[in-house]
Amino acid sequence: MDHLFLVKYAEIGIKGKNRHLFEDALMRQIRYALKKLPGSYGVSKSSGRIFVNCEDAGSCDMDAVADALGRVFGISAFCPVSCGTDRSLEAICQSTVEYVRSNYPEHDFTFKVETRRADKSYPLTSMEVEAAVGEAILNALPGLRVDVHEPEEMIHVEIREQIYIYSRIIKGPGGMPVGTGGKAMLLLSGGIDSPVAGYMIAKRGVILDAVYFHAPPYTSDRAKQKVIDLAEQVARYAGPIYLHIINFTDIQLAIYENCPHDELTIIMRRYMMIIAERLARQSDCLGLVTGESIGQVASQTMKSLLATDDASTLPVYRPLIGFDKQEIIDKSLAIGTYETSILPFEDCCTIFVAKHPVTKPNLNIIKRSEMKLAGQIDRLLEEAIASDELVVAGK
Ligand code: ATP
Ligand code: MG
């Protein structure tokens, strides 16, 4: 019996003619997730199921494989499975008994056998197979009892070109395979929220590019490294992320020197949007993504968001819009970005921050303030875009 995982996927199963595109994207993402693990793996598909095979059983770490599959969007569940090539009823019975014997240390629970015949030409019906396998288990392991209504363990037997036996079903992350939903530009800061926002958009199948606005010497190289580390962590789920690092210092200084201080954050955010949109259009991104949620801080009131949105003609996706801070923290803990996010390095929004920022900015007034930058902002924007340093996270 070879050891492998059977991968189940729900949402993508309903996509009609596009189904094979989704399956191919899912297989590609599974291969990506397994790439860095020791050992070599085969990933293949067969009518509504994907199989991951450990090609060299000696060097495969099943826990590491399970951990990796747990990060692949599109997987609804996966099951450690035993498989065999002999499809005779006798072999199925024997293999299933062997499976139960070796996977359960104690043999005193109720069970039910459930058979699925993906190969409809198989000469026996599902019920015949179930009855024979159930009986074989009862005879071989006397402590077990059948309960067809509420079994403690469901023993699944799938008959395909081979037979597959499994009983443990591990929940996957759900969502859609990355690569099936277009591409978006994530505004990634060093905080708690934006990595979570990126995770959530990637979960819907979207490839992420990212941009970080850096303000040396006001923000340090360590702050920049923290953002690169966060991009690496998000890439564990999202696949490779092209992270643009933009030098934002001169724009920030110009705003600071020329515009009312209570409007600094909003104006700065608007220029971030303008640059993010430029980068997004260069790389076929269909939208921008931020970690904002309504009312979290002054720059995230409805009026502030209106003013921010106005700077970009691309849609701005804000997957955390209705989340409380604690919910975002819980999510960042779950996906593993929290520890990095709370490292205490300065970010450019906190250095040039007003004591009393406007909470209800008036767009016309903001635009009038921006006029004060008229003589220099075009050049500063070009220079900022030219400063682009590209880092590929999750290669
Ligand atoms: P985060 O935890 O993501 O930093 P936050 O609660 O600190 O969010 P803000 O600092 O107001 O919120 O930023 C709001 C959003 O703007 C961020 O979620 C991020 O998408 C974007 N953003 C802010 N600063 C930067 C930056 N320096 N580079 C890139 N994006 C940024
Ligand atoms: Mg922040």
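First listed ligand is number 1; within each ligand, the first listed atom is number 1. Remember, it's a predicted structure, so these values are computed and weren't measured experimentally.
Of the candidates Arg160, Gln162, His156, Glu158 forms a side-chain hydrogen bond (donor to acceptor under 3.5 Å, both in side chains) with just one, namely Arg160. Checking Gln233, Gln225, Lys226 one by one against Thr340, the side-chain hydrogen bond (donor to acceptor under 3.5 Å, both in side chains) holds for a single residue, Gln233.
Considering backbone and side-chain atoms together, Phe213 places an N or O closer than 3.5 Å to an N or O of ligand 1. Among the atoms of Gly291, some N or O lies under 3.5 angstrom from an N or O of ligand 1. Geometrically, ligand 1 and Leu187 share a nitrogen or oxygen pair separated by less than 3.5 Å. Between Asp193 and ligand 1, a contact under 3.5 Å exists for at least one N or O pair. Not one N or O of Met272 is nearer than 3.5 Å to an N or O of ligand 1, by distance alone.
Remark: Glu370 pairs with Arg270 by the side chain to side chain donor-acceptor pair (under 3.5 Å) rule, at least two apart or across chains.
In this structure a side-chain-to-backbone donor-acceptor pair under 3.5 Å is present from Tyr237 to Ile335.
Taking 4.0 Å as the cut-off, His214 does not count as a neighbour of ligand 1 on heavy-atom distance.
Judged as a salt bridge (Lys or Arg N to Asp or Glu O under 4.0 Å), the pairs with a partner in residues 185-197 (not counting sequence neighbours) are, in order, Asp193-Lys325.
Looking at Val211 against ligand 1, only its backbone comes within 4.0 Å, counting heavy atoms.
Atoms of ligand 1 lying under 4.0 Å from any heavy atom of Gln296, numbered from 1 in the order shown and given with element: 6 (O).
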